[in-house]
Protein chains: 2
Amino acid sequence: MQGYDKYAYEPFAVTVDLAVFTIREGRLHVLLVERGEQPYAGRRALPGGFVRPDEAAEAAARRELAEETGLADVAGLHLEQLRTYSEPDRDPRMRIVSVAFTALVPDAPEAQAGSDAARADWLPYGEHRPSYAPLAFDHDRILADAHERVGAKLEYTGLATAFCPPEFTLGELRQVYQAVWGAELDPANFRRKVLATPGLVEAVPGAARLTGGRGKPAALYRAGDAAALHPPLLRPEGRP
Amino acid sequence: MQGYDKYAYEPFAVTVDLAVFTIREGRLHVLLVERGEQPYAGRRALPGGFVRPDEAAEAAARRELAEETGLADVAGLHLEQLRTYSEPDRDPRMRIVSVAFTALVPDAPEAQAGSDAARADWLPYGEHRPSYAPLAFDHDRILADAHERVGAKLEYTGLATAFCPPEFTLGELRQVYQAVWGAELDPANFRRKVLATPGLVEAVPGAARLTGGRGKPAALYRAGDAAALHPPLLRPEGRP
DNA sequence: GCAAAAGTGTTATAGATACACCCATGG
DNA sequence: CCATGGGTGTATCTATAACACTTTTGC
């Protein structure tokens, strides 16, 4: 161990926090738990938990994602590191360094309350808490950072398809952009843009499906293999 | 402490690693140390160190940046969290979670060897190690991630000015882009693009300076206040 | 038939690209 | 006077935005 003393310092605890988003009825929703214990008992918070001694933060995040969403095939879900929050006073109990992740979930079954949570719910982003009840710890900031990151990544990656089921219509894909950006997009121009971007989506030949119950059935597409979009699909009006 | 036992687990150590870039003679350079101790003694590595019990990772990173570069006014330098590396076996000694940062430095005085390093040097990126001698730990990956992140952020932020002294010419700014992207840019079009982007740079009235020792003296500019660039300044040929 | 959503067409404008060319300086 | 880098002009092409219009479905 070459002069190391593992116990010389007050130890750090390492946790993961998750900002899990989905689209429901054309609106962006976020998964929040209600804390059952002090501190912040009864307050809403991001799901999360401790990193175990032998697992990477990514593995811990995926484990928590499976527990809280109740989804079976968590392996294929989009999970991405956001950043790490390490202010010494961010948890009143002890020194906790938290690695935050953003996850994108296509369809949303009802949420499962995890071990330390009283309940877990999908809530519409923007109405997920009353103004007088901030989220626990620094989770308001983490959630805002996550939302901004997702919005930015929609511009220059194929990330939006991570919100969609395996086969989807261009109208559904457009709703993803509209829900995350909070802006209306011209269906005609959106369609052309998406189809002109190589690798964003690929057509499922012959397949079609009704979307809103009304209107012409829409052709189906699958997610493409492009990581980056050229040119990017910029949101209107610069950064909101 | 509500049922917590701080010492129940093998403790995590938390460190910071820094990918510090600068431009020298039109080429991108990275700051690397040579390790004096096992493991990886004699190998090059990113500068870094332990996060102290009462400081945030950002503070630790800035402290290490001051130590290794020997710069006085480290407060104004661009320092940005990259991501956190937490694979359980990334350090053979113990469980170390490392928060990686990217720093951008304008001019580059000679580097200072820190406490645990035999020496520290600015090395041209791409020739910073022989192919048979990878960097210590997972630092090759961290450095590659940092380079990609910087290249991407030049496209849609005013980050390039962080590599420049307080007053700079558009030729110098263009060299930043060229050095990071490894691509030639048309001076005329670059100039127009930069000046057309609101908030990227602002002119210093009347000031001019020779750059290459030859040619017409160039007007001087200061960094603007824009965080995001609209429209973005995309690198040629998509992602390299 | 009417409303709603998919899909096509058209035009105007803005931005990018590729060059030609002039300007001011050191040697 | 020439090499070098700064700076302007301009033609061409491509991307975007705004909108009119047609198609196919459920009610």
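Because the structure is predicted, anything quoted here is derived from the model rather than measured. Sequence lines set the chain letters: A, B, ... in the order given, protein chains first and strands last, and positions in each chain run from 1.
Atoms CZ (Arg174(B)) and P (dG7(D)) sit 11 Å apart, rounded to a whole Å. Computed from coordinates, the His230(A) NE2 to dA16(C) C1' distance equals 14 Å when rounded to whole Å. For the pair Phe190(A) CZ and dT16(D) P, the computed distance is 13 Å after rounding to whole Å. As a whole-Å value, the separation of Leu233(A) CG from dT14(D) P is 20 Å. Atom-to-atom, CD of Glu184(A) to P of dC19(D) comes out at 14 Å; the value is rounded to the nearest Å. Going from atom CZ of Arg191(A) over to atom C1' of dT16(D) covers 17 Å, rounded to whole Å. The CD atom of Gln175(A) sits 11 Å away from the C1' atom of dA5(C) (whole-angstrom rounding). Rounded to whole Å, the distance from CG on Leu185(B) to C1' on dG6(D) is 16 Å.
Taking for each of Pro231(B) and Pro217(B) the nucleotide of DNA chain C with the nearest heavy atom, the 5'-most of the two is the partner of Pro231(B). DNA chain D is contacted by both Arg192(B) and Lys216(B); Lys216(B) maps to the nucleotide lying nearer its 5′ end (nearest heavy atom per residue). Each of Glu172(B) and Asn189(B) was assigned the nucleotide of DNA chain D with the nearest heavy atom; the assignment lying further toward the 5' end belongs to Glu172(B).
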Determine, step by step, whether Phe190(A) and Leu233(A) satisfy the side chain to side chain contact (heavy atoms under 4.5 Å, CB included) criterion, reporting the C-alpha distance in whole Å, the side-chain angles of both residues, the deciding distance to 0.1 Å, and the verdict. CA-CA 9 Å; Phe190(A) 178 83; Leu233(A) 213 160; 4.3 Å; yes
Pair His230(B), Thr197(B) - check side chain to side chain contact (heavy atoms under 4.5 Å, CB included), show working. CA-CA 7 Å; His230(B) 278 274; Thr197(B) 305; over 6 Å; no
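Judged by a 6.0 Å distance limit and a 45° cone about the ring axis, Arg83(B) is positioned over the six-membered ring of Tyr85(B).
Taking 4.0 Å as the cut-off between side-chain N and carboxylate O, Glu172(B) and Arg209(B) count as a salt-bridged pair. Ionic pairing of Asp140(A) and Arg129(A) is present here: one or more N-O contacts between side-chain nitrogen and carboxylate oxygen are shorter than 4.0 angstrom. Here Arg235(B) does not pair with Glu184(B) in a salt bridge; the nearest charged N to carboxylate O distance is not below 4.0 Å. A salt bridge is absent between Glu67(A) and Arg62(A); no separation between the charged side-chain nitrogens and carboxylate oxygens falls under 4.0 Å.
You'll find that the side chain of Asp186(B) is closest to dC19(C), out of dC19(C), dG6(D), dG7(C). Picking from dA18(D), dA15(D), dA16(C) the nucleotide with the shortest atom distance to the side chain of Lys193(B) gives dA16(C). The nucleotide whose nearest atom lies closest to any side-chain atom of Arg214(B) is, among dT4(D), dG7(D), dT8(C), dT4(D).
Near-neighbour residues of DNA chain C inside residues 195-211 of chain B, defined by a heavy atom below 4.0 Å, number-ordered: Leu210(B).
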